[in-house]
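Reading through the structure tokens given below for one structure.
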Amino acid sequence: MYSFNNDYSEGAHPRILQALLESNLQQEIGYGQDSFTNKAVEILKEKLNCEEVDIHLLVGGTQTNLIAISAFLRPHEAAIAAASGHIFVHETGAIEATGHKVLTVDTENGKLTPSLIQHVLDEHTDEHMVKPKLVYISNSTEIGTIYSKSELKQLSEFCQKNQLLFYMDGARLGSALCAKDNDLTLSDLPRLLDAFYIGGTKNGALMGEALVIKKGSLKEDFRYHMKQKGAMLAKGRVLGIQFYELFKDTLFFELAEHANKLAERLTTALAEKGYRFLTQSSTNQVFPIVSNDKIIELQKNYQFNIWEKIDKEHSAIRLVTSWATREEEVEQFINDLK
């Protein structure tokens, strides 16, 4: 049984495990103030080409989203997200549990636009309703699509004009930045966003997300929020070592490119066989529409998500490739579709 269920089924890239092993008996200060974390933050600022950011290393995506959004918002303020957004669908009400409503809009491709956000603003007019304050996007999105530089620029300008905070979930940022149709660079992000995170968990790390805060007013006391919500790791070195290893050269991008390459192989082969797709994804998530009978057959040898029912006889499934996906498993899956 081979899994295309997600991009975190395996442990970590061997280089990360080796770095953890080699540093194992070295004594360090705790709570993210160790030398490894300092080096990771330094190299990330270099890659971002921006010194005016605060960077905090956290364990997982849901933890990062709930701490960041709850810290950034006042009690009566709300976040705006696509109806498919991770904070609305797959985080067990984590944002709402901190007292902040998530206002959603339906999208065709998982992406927000200024006009969709404006619709939410128009519906919330006074103090009898929550106040929309933060715009949440993810790149890549939950359905594998990506934002172009011009789309992010339009959203950024709209948020500034309307005094909205602009925040990006980067759980699969590596895959987005390495997509063949992407025109964004890592260094574009601090200029366009108030805060965002760089996902390690889904791109070769054992665990870890690097939260980047650019807007000055959001930086104050953030470590207090981390500690209060149980996110300040005593052995913060574990995260620092991993991010330094991922970014000291091009490993982070090489791993994402591998995942995208195998997803593209799946997409090309499926298209050649006449399969349709739920979304046009250029990242490591592929959403082919398959007959229910074929799904039952495939499930004998593979794990994957059944994403959406299309009609009585067909469903869209989600196939996810990772930094560790083997080419032979992709080829076998393609052969089994015959």
Side-chain angles (χ1 to χ4, degrees), residues 32 37 40-41 44-45 47-74 77-82 85-88 91 94-95 98-100 102-103 111-112 117 131-141 147 149 151-174 176-177 184-202 208-229 231-232 239 243 247:
T37 299
V41 168
L44 282 169
K45 287 183 177 181
K47 299 288 186 180
L48 291 164
N49 193 26
C50 185
E51 288 292 325
E52 299 80 45
V53 293
D54 283 1
I55 299 177
H56 303 279
L57 303 185
L58 297 105
V59 172
T62 297
Q63 180 191 69
T64 303
N65 285 333
L66 80 89
I67 294 173
I69 293 174
S70 65
F72 298 162
L73 296 182
R74 296 176 69 189
E77 293 174 337
I80 303 170
H86 206 268
I87 60 170
F88 182 65
E91 292 188 354
I95 306 305
T98 65
H100 300 283
V102 179
L103 305 168
K111 298 192 288 185
L112 291 181
I117 300 168
K131 181 180 180 180
K133 184 62 179 178
L134 180 143
V135 172
Y136 165 95
I137 65 168
S138 54
N139 195 32
S140 61
T141 70
Y147 284 89
K149 186 184 294 188
E151 288 172 330
L152 272 194
K153 189 171 185 291
Q154 290 171 18
L155 285 170
S156 181
E157 291 172 351
F158 180 86
C159 287
Q160 291 180 38
K161 179 181 177 182
N162 290 277
Q163 292 80 54
L164 298 170
L165 301 174
F166 192 19
Y167 172 75
M168 187 180 76
D169 179 323
R172 292 189 172 96
L173 181 59
L177 293 178
L184 278 168
T185 65
L186 199 58
S187 60
D188 289 324
L189 302 181
R191 295 187 296 102
L192 298 170
L193 294 145
D194 294 313
F196 60 95
Y197 76 84
I198 302 168
T201 302
K202 295 177 179 177
E209 326 297 323
L211 176 66
V212 181
I213 305 176
K214 174 66 184 298
K215 189 176 180 68
S217 61
L218 304 181
K219 297 176 182 179
E220 186 177 356
D221 292 342
F222 192 81
R223 279 174 61 86
Y224 285 83
H225 291 279
M226 290 173 60
K227 180 64 177 180
Q228 189 179 71
K229 292 182 172 63
M232 191 172 286
L239 301 176
F243 271 92
F247 283 95

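Heads up: numbering here begins at 1 and tracks the sequence. All values below were derived from every heavy atom in this structure, side-chain atoms included, with hydrogens, water molecules and symmetry-related copies excluded.
In plain terms, the two heavy atoms of L57 and M226 that are nearest each other are O-CE, 4.1 Å. Looking at every heavy atom in both residues, E77 comes nearest to H100 through O-ND1, 2.9 Å. Nearest heavy atom pair, residue F196 against residue P190, reads CE2-N, 3.9 Å.
Using cut-offs of 30° and 60° on the angle between ring planes, the pair Y167 and Y197 is tilted. Between F247 and F243, the ring planes are parallel. Angles under 30° get that label, and only those over 60° would be called perpendicular.
Side chain of S70 to main chain of L66: a donor-acceptor pair is present (N/O by atom type, distance under 3.5 Å, no hydrogens or angles). When atom types are taken as modelled, the side chain of Q163 and the backbone of K161 share a donor-acceptor pair closer than 3.5 angstrom. With K202 contributing its side chain and G170 its backbone, the two residues share no donor-acceptor pair below 3.5 Å. Of the possible polar contacts, none joining the T141 side chain to the S138 backbone as a donor-acceptor pair under 3.5 Å is found. In this structure, the side chain of N162 does not engage the main chain of L164 through any donor-acceptor pair within 3.5 Å.
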Item to check | Stepwise side chain to side chain contact (heavy atoms under 4.5 Å, CB included) test for D194 and L134 | outcome: CA-CA 10 Å; D194 294 313; L134 180 143; over 6 Å; no
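The neighbour count for K153 NZ, taken as heavy atoms of other residues, nucleotides or ligands under 6.0 Å away, does not exceed 12. By the neighbour-count criterion of 12 heavy atoms within 6.0 Å, atom NZ of K215 is sparsely surrounded, having that number or fewer from other residues, nucleotides or ligands. Atom CZ of F158 has more than 12 neighbouring heavy atoms from other residues, nucleotides or ligands inside a 6.0 Å radius.
Residues D188 and T185 have side chains that bring a donor and an acceptor to within less than 3.5 angstrom of each other.
Between the NE2 atom in H225 and the NE2 atom in H56 there is a gap of 10.0 Å [rounded to 0.5 Å]. Taking CG of L155 as the reference point, atom CG of L112 lies at 7.0 Å (rounded to 0.5 Å).
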